[in-house]
2 protein chains.
Amino acid sequence: MAPTIKDVAEKAKVSTATVSLVINDSKRISAETKKKVLKVIKQLNYHPSKSARDLVSQKTGNIGFILTDDHFLRTEPFYTRIFLGTEFEARTGNYYILLATIPSDYGDKNTLPRFILQRSVDGIIIAGKVPNAFITKLQEYDLPLVFVDYKPEMQKSPLVLIDNIQGGLLAATHLINYGHRNIAFIGGDISHPSIRDRLTGYNRALDNSGIKQNKKFVHTSSSYPNRQNGYDAAKILFSKNKNITAVFACNDAMAIGVMHFLRDNGYSIPQDVSIIGFDDVEADLLIDPPLTTIRVPKFDLGAEALRVIKESIKNSNTKNKIILVPVELIVRESTKNIRKK
Amino acid sequence: MAPTIKDVAEKAKVSTATVSLVINDSKRISAETKKKVLKVIKQLNYHPSKSARDLVSQKTGNIGFILTDDHFLRTEPFYTRIFLGTEFEARTGNYYILLATIPSDYGDKNTLPRFILQRSVDGIIIAGKVPNAFITKLQEYDLPLVFVDYKPEMQKSPLVLIDNIQGGLLAATHLINYGHRNIAFIGGDISHPSIRDRLTGYNRALDNSGIKQNKKFVHTSSSYPNRQNGYDAAKILFSKNKNITAVFACNDAMAIGVMHFLRDNGYSIPQDVSIIGFDDVEADLLIDPPLTTIRVPKFDLGAEALRVIKESIKNSNTKNKIILVPVELIVRESTKNIRKK
DNA sequence: TCATTTTAGTTAAACGTTTAACCGAGATAA
DNA sequence: TTATCTCGGTTAAACGTTTAACTAAAATGA
């Protein structure tokens, strides 16, 4: 069996309290005793048991990470990247991450993740959209919470969000800087906050440059922003408008769909039409031409969330902190400068 | 504060021992008392504290997952997929997964992951190659171990491995079935067991079909099996052999490199040369033509590892279990049937 | 009928820490 | 000189469970 604090105490001829005080670096211990105890600790290769510590300290050293099961299983590894970012950050800290998924149709009859009921986490990171019923039930246990990439309606908790407005601004400004004026926006469900924000950024960029907003250039729909719907959206948009020279798609999947449509219809990219996406997924580099996009640092989102929850655990007065994680313009080959030299 | 077993006991007018026995479904309790206690438990929404349980039971309900930091940070998410597979499987079980990375140059001066020293895991999954120094140090704590995608030299532990021989056989057989006879093998470091096994499978397929093995068709080198080295290998191979009609690359990265070389040199795929890879990475679907390959179920590897370690914890006599996880042939468009109809 | 076994529960120790309360000895202050 | 404070430690309770050992009552057996 592994040595306990008692073994150390006996061998060092002090009380277990003294050993504990040494471990926890109390000033109540003389340099001499401290040295002696430390020596025995090293000799025995003693390490305090986490279970015992957890019990008496009423802390756990664990952080829960919760997302819906379909977010976890999505082929595009958006939320799992966030999770890995949290894990990454946790490696060097003093917390372990416990993962749980909840059904995306979580209702009143559903139970909470085990680690909440059993009190084995000190705080919780919630990634992506989760059902309100879940949040409501969660509130009874007043655990520190932080939401990543989702802004719940009611709950007052720290938020770690992508700076979508800035991203939209960056994307549209890039196109404008390249001399484009007839710039289309292709988005999915406009009621989704991140898509709405990206559109806001787009509009703001046009305003900044004195370009008039043109409703006909903006296509949104309630459908899911995937490749197919990007394709379809482009079909509609280009059948009605012949003068579009650039497209800002609300994510890379749609951008790739747009690209396919244009390719299928004899446009060449970026010669005839420039395209910029949003996300920075692996596929961007593998298509031809590689897609210019706005990089969303998923890994960083997860890492940042951990930092925030750790702070929340320390000082509980960080309730309404909002962290906007900056995005980055990645210029590749799907956008072309059409200014005359 | 959350209710404790004491609260339940008082309210139900029994001892805490009785409550505990009820929770743990002992037969020593009458149906009547059991019902009464259960009712109070529900009323108070009582759930036993994991910390307390862990301490007294000398179990932790946690499994450690260890890999080297560079495996964790690799762009190609091979090992992180395995990790996510383990997490996936763990969601429905009674274990939590604690992640730790070790330096890939782990030496004697390095320390072991915190969860080992603090005894907060009941068993450990080790993914990918890890330094021997690490394994040696690990052995002092006799924790149940299982290795995934790596066969350590000494350590006797259960293994969860990819069935590489079967995969090589599958790949080469597919090409043979498509009428190819001059089939090249492009691999990286042949001393790496998985690459060696894939080559073995390839050879076995040739033997099975009575095709003579041709050394000139096999190219291996000690370099890392990435895209660039695939490109270079193809250059060498095709400059010396004009009659190759199909290539089996030891992984998809190399296969894509091969494809690029052939493209750059006027070959068209699969008309002139068929190509098959190994892994099934996301990129396969995005290149043109989509790559035929052998799918390695990374997720399943991780899930299987968890099952094995759980069993190892129960019965410690599973030391030399070896699980070969089957792979799957995924036919896409980079291979062509050249048999005459 | 009385000894024995079974049943259904209780008591109390144990798991390995932390920490409030205590204590004796030496230093300081009045 | 004596009261008070500081220093460096110890004692013992507490955290919330599980479980071995115990017990009283009921059932069984001869």
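Chain letters run A, B, ... following the sequence lines, proteins first and then strands; every chain starts at 1.
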Report task. Could you check which residues of residues 22-29 of chain B get a heavy atom under 4.0 Å from DNA chain D? Sort them by number, please. Result -> N24(B), R28(B)
Requested in this report: Send over the distance from K6(B) NZ to dT18(D) P, rounded to a whole Å.
Outcome: 16 Å
Report summary line: K13(B) NZ to dG9(C) C1', in whole Å, measures 17 Å
Output yes when at least one side-chain N/O atom of [X] is less than 4.0 Å from OP1 or OP2 of [N], else no.
X: S30(A); N: dG9(D); value: yes
X: T33(B); N: dG9(C); value: yes
X: S15(B); N: dT10(C); value: yes

Query raised in the report: Taking the side chain from S30(A) and the backbone from T33(A), do they hold a donor-acceptor pair closer than 3.5 Å?
Result: yes
Report task. Spell out, as yes or no, whether a donor-acceptor pair under 3.5 Å connects the side chain of R119(A) to the backbone of H47(B). Result -> yes
Requested in this report: Starting from the 5' end of DNA chain C, give me the residue, T4(A) or K34(B), whose nearest nucleotide shows up first.
Outcome: K34(B)
Query raised in the report: Can you say whether the rings of F88(A) and F299(A) are parallel (under 30°), tilted (30 to 60°) or perpendicular (over 60°)?
Result: tilted
Query - Test side chain to side chain contact (heavy atoms under 4.5 Å, CB included) applied to I126(A) and L67(A), L145(A), T68(A), V146(A), the passing residue - result: L145(A)
Is any side-chain N of the basic residue among [X] and [Y] closer than 4.0 Å to the acidic one's carboxylate O?
X: E311(B); Y: K314(B); value: no
X: D25(A); Y: K34(A); value: yes
X: R307(B); Y: E304(B); value: yes

Requested in this report: When you get a sec, tell me which of dT10(D), dA12(C), dT10(C) is the closest nucleotide to the side chain of V14(B)?
Outcome: dT10(C)
Query raised in the report: Choosing from dT19(D), dT19(C), dT17(C), which nucleotide comes nearest the side chain of I5(A)?
Result: dT17(C)
Requested in this report: Rounded to the nearest 0.5 Å, what's the gap from OH on Y150(B) to OH on Y79(B)? Could you check?
Outcome: 10.0 Å
**Report entry** Lys NZ or Arg CZ of R114(A) over Y96(B) ring: under 6.0 Å, within 45°
**Finding:** yes
Report summary line: What residues 40-64 of chain B contributes to the DNA chain C interface at heavy-atom separation below 4.0 Å is L55(B), V56(B), Q58(B)
